[in-house]
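I have placed the structure first, in the form of structure tokens, so that the comments after it can refer back to it.
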Amino acid sequence: MDGKERLQVRRKEALSRVMSSPTVRTRFAPSPTGYLHVGGARTALFNWLYARHHGGAFVLRIEDTDQNRNIADGIEAILNGLLWLGMDWDEGPGVDGGEVGPYFQSQRQHLYDKHLEALQQKGLVYTEDNGAVRFRSPGETVIVDDQICGRVEFNRDEPDMTIRRPDGSYIFHFVNVVDDLEMGITHVIRGEDHLSNTPKHIELFEALGAAPPVYAHIPLILNADGSKMSKRDQGASVSEYAEKAYLPQAVVNYLALLGWSPKDDREILPLDEIIARFDFPGINKSNASFDLKKLTWLNAQMLMALDGDAFWQHAAPIVEQAQMDIAEATLRELLPLMQTKVSLASELPHKLASFQGEHCDYDSSALAKLAKDAESDTRLAALQSAFEASESWTEDAISAAIDAAAETLEVKKGKLMFPARVAASGQAGGPDLLPMLRLLGKDRVLTRFQDARKALAAP
RNA sequence: GUCCCUGUAGUGUAGUGGCCAGCACGACAGACUUUCGAUCUGUAGUCGCGGGUUCGAUUCCCGCCAGGGAUGCCA
């Protein structure tokens, strides 16, 4: 089956899903706090995946009712985060149309007023002396039939919840329910921290004369030490991953695997396959710790899987931004050599530093390794004269020169490779030796050999 | 305090009333007569604890413990 056929089969599958569940509507409803949190991104992703899997709609709604918490440009950071990860929304900010807008809570006051009035007429709310409005809880046991947590019973003996403040602004529970109702949200997929709020929401839906949506509460993401991941924590913001040049597809893949499993042993999955396989039964119930090392490994895998062009397009701008003194022609040869040597493209400027300038800095531990071997200077001297004697500077010529030096010294050429690398680049690691030496050029290599021998001679 | 959710190696997960509990990351060790966080091979490490039910439990039930969440005129 070729790509085109597979695409057609997928389209067919998607279509049949649409037919079986024509009305799936999910939403992501962030507050504009100024950045997209990885937990929020994961919640958004699960909603997006569920909608895409079922051929439904993914709605983006901005919960900006609490003016104190909103910071300037907070919305943009969230939208950028979602877009960077590749999540598009069918309705919401920046999208034309949508039958159930506006998509900012700050613009939906009239709807909240309308539903409050309905509750007042039914006598389901009461106003306190100071003007706050409370919802009269029926006080009956509420059953949440959660798609992930199962059937959960709640006894309702808490105080009646406030739904409107004395200043006329509305409380989260109320606006959230009114919006989900008005927007025709069919599936609410959100963090498990909301499970205990759900009976309140169900009561409100019923009071408003509507059937509640299907609920699916997903496990939370914790820090490596098991504590709840919050704003201050390293790696909590999606923008950090963009800045460090993680591939968005790596982040999405990793996030999808946090709490969801395709149930086979595969871990690196293309997005369309994640969409095809994503569903509630694959989601587990226990909280998960965020493992940066595994994400980085995933990124390295995907970096290696990129074809040459894609890798260049990803990596070249990063090197360019570092304003390195490396000719483009050299870079064109160099970058492909580095594709399997880095986990993140953002490591490249540092890794390529030794390709700049006549001289280079010597990594102290690499140098120390050379210094430990009494033969190092002899070997470097032999290499030096072999290189000097070499008329051309092709990889074959360089290889022949190394062979010659090895023969003179009566050692295996392997003994010469590491000293040559350190002397020429100052580093213990890097691209393959022969192309590295070739790209550095004969003169520069010889200069650095002298530098290295001097450094070794120094106490 | 009360209520709710969860508990498979350090981490993410698979799985079953009964073959050596599978995979991946990480760690460690070797190999690749060149480096390497790449690749290959190998090693160590797990069913939270205690009771039951059962011929037999990681799997079912109860208790405990631990972690997380909710109990706001935050979202």
Side-chain angles (χ1 to χ4, degrees), chain A residues 29-33 40 63-66 68-70 105 128 130-134 144 146 148-150 152-159 161-176 190-200 217 219-222 224-228 254 257-268 282 284-298 300-301 303-304 338-344 347 351 366 369 399 402 406 411-422 425 427-434 436-437:
Chain A
S31 294
T33 49
E63 304 213 337
D64 55 351
T65 51
D66 184 357
N68 308 333
R69 276 175 61 144
N70 299 339
Q105 285 188 335
E128 305 214 297
N130 65 5
V133 177
R134 284 183 188 266
V144 178
D146 193 90
I148 294 161
C149 301
V152 187
E153 260 184 55
F154 290 89
N155 292 317
R156 303 291 295 130
D157 45 15
E158 286 167 14
M161 71 177 130
T162 306
I163 60 174
R164 198 183 70 170
R165 302 186 185 86
D167 69 3
S169 62
Y170 290 95
I171 300 294
F172 160 73
H173 302 293
F174 183 69
V175 294
N176 192 266
R190 54 175 21 168
E192 197 207 80
D193 47 339
H194 283 295
L195 182 59
S196 306
N197 288 328
T198 306
K200 294 180 185 174
H217 288 90
L220 269 21
I221 298 179
L222 309 176
D225 67 358
S227 63
K228 188 182 176 185
Y254 178 71
L257 252 26
L258 225 42
W260 172 78
S261 162
K263 301 289 184 191
D264 57 23
D265 287 335
R266 297 189 56 200
E267 302 208 281
I268 301 176
N284 69 355
K285 309 184 203 180
S286 52
N287 294 346
S289 295
F290 193 89
D291 184 358
L292 186 61
K293 283 186 175 160
K294 185 145 189 178
L295 167 59
T296 305
W297 170 79
L298 248 174
Q301 295 298 309
L303 223 42
M304 285 189 273
M338 298 304 290
Q339 193 167 350
T340 60
K341 308 288 183 185
V342 293
S343 299
L344 291 168
E347 298 169 17
K351 295 280 182 193
K369 228 169 160 181
S399 181
I402 295 174
V411 296
K412 289 196 290 185
K413 74 189 279 193
K415 292 282 184 194
L416 302 182
M417 303 291 249
F418 184 72
R421 166 181 300 284
V422 176
S425 72
Q427 309 273 323
D432 289 345
L433 184 65
L434 295 181
M436 182 178 93
L437 292 180

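Proteins come first, then strands; the chains are lettered A, B, ... in the order of their sequence lines, and each starts at number 1.
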Could you tell me whether [X] contacts a base, only the sugar-phosphate backbone, or nothing, with contacts defined as non-hydrogen atoms closer than 4.0 Å?
X	value
A:Q427	nothing
A:L433	base
A:D264	nothing
A:K285	sugar-phosphate
A:G414	sugar-phosphate
A:Q105	nothing
A:D432	base
A:M436	nothing
A:S196	base
A:G191	nothing
A:H217	nothing

[atom1] spacing across the pair [N] / [M], given as an integer number of angstrom:
N	M	atom1	result
B:rC20	B:rU58	C1'	15 Å
B:rU8	B:rA66	C1'	16 Å
B:rA75	B:rC62	C1'	38 Å
B:rA9	B:rA14	C1'	14 Å
B:rU46	B:rG22	C1'	12 Å
B:rU13	B:rC4	C1'	25 Å
B:rG17	B:rA57	C1'	6 Å
B:rA24	B:rU6	C1'	23 Å

Is a side-chain N or O of [X] found less than 3.5 angstrom from the main chain of [Y], in a donor-acceptor match?
X	Y	value
A:S343	A:W297	no
A:S425	A:Q427	yes
A:D167	A:S169	yes
A:R421	A:P431	yes
A:D64	A:Q105	yes

Minimum-distance nucleotide to [X] side chain [options: [options]]:
X	options	result
A:W297	B:rG68, B:rC25, B:rU39	B:rC25
A:T340	B:rC74, B:rG22, B:rA38	B:rA38
A:K263	B:rA14, B:rC74, B:rU34	B:rA14
A:M304	B:rA75, B:rU13, B:rA38	B:rA38
A:D193	B:rG69, B:rC23, B:rU34	B:rG69
A:S261	B:rG69, B:rC5, B:rA14	B:rA14
A:E267	B:rC3, B:rG12, B:rA75	B:rG12
A:S289	B:rG12, B:rG68, B:rA75	B:rG12
A:L220	B:rU34, B:rG12, B:rG69	B:rG69

Tell me the interatomic distance from [X], atom [atom1], to [N], atom [atom2], rounded to whole angstroms.
X	N	atom1	atom2	answer
A:Q339	B:rC36	CD	C1'	15 Å
A:D265	B:rA24	CG	P	7 Å
A:R266	B:rC25	CZ	P	15 Å
A:I268	B:rC23	CD1	P	17 Å
A:R190	B:rC74	CZ	C1'	15 Å
A:D157	B:rG1	CG	C1'	13 Å
A:L222	B:rG7	CG	P	13 Å
A:R421	B:rU34	CZ	P	11 Å

Problem - Closest-nucleotide ordering on RNA chain B, the 5'-leading residue of A:D291 and A:K200 - result: A:D291

Exercise for the section: With RNA chain B as reference, determine whether A:M161 or A:L257 sits nearer its 5' end, using the nearest nucleotide of each. Expected result: A:L257

Practice task
Hey, could you give me the NE2/CG distance between A:H194 and A:D146, rounded to the nearest 0.5 Å?
Solution key: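 Rounded to the nearest 0.5 Å, the NE2-CG separation comes to 13.0 Å.
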
Handout entry: Interatomic spacing from CD1 in A:I163 to NZ in A:K200 - rounded to 0.5 Å
Key = 12.0 Å

Completion exercise
Annotated structure of RNA chain B as dot-bracket, pair cut-off 3.5 Å, Watson-Crick or G-U only, | for inter-strand, is (((((((..((((....[...)))).(((((.......)))))....(((((..]....))))))))))))....

Is there a side-chain contact between [X] and the phosphate of [N], meaning an N or O under 4.0 Å from OP1 or OP2?
X	N	value
A:Q301	B:rU39	yes
A:K415	B:rU33	no
A:R165	B:rC74	yes

Practice task
Report yes if some heavy atom in the side chain of A:E63 is under 4.5 Å from a heavy atom in the side chain of A:F172; otherwise report no.
Solution key: yes

Handout entry: Heavy-atom side-chain contact between A:D432 and A:K341 under 4.5 Å
Key = yes

Problem - Base B:rC5 paired with A:N287 side chain (donor-acceptor, <3.5 Å) - result: no

Handout entry: Pair of N/O donor and acceptor under 3.5 Å linking B:rC25 base with A:K293 side chain
Key =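 Checked by distance alone, the answer is no.
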
Handout entry: Passing option when A:K293 is tested against A:D291, A:T296, A:L295 for side-chain contact (heavy atoms from CB on, under 4.5 Å)
Key = A:D291

Completion exercise
Shortest non-hydrogen pair, A:L416 vs A:I402, comes out as CD1-O, 3.8 Å

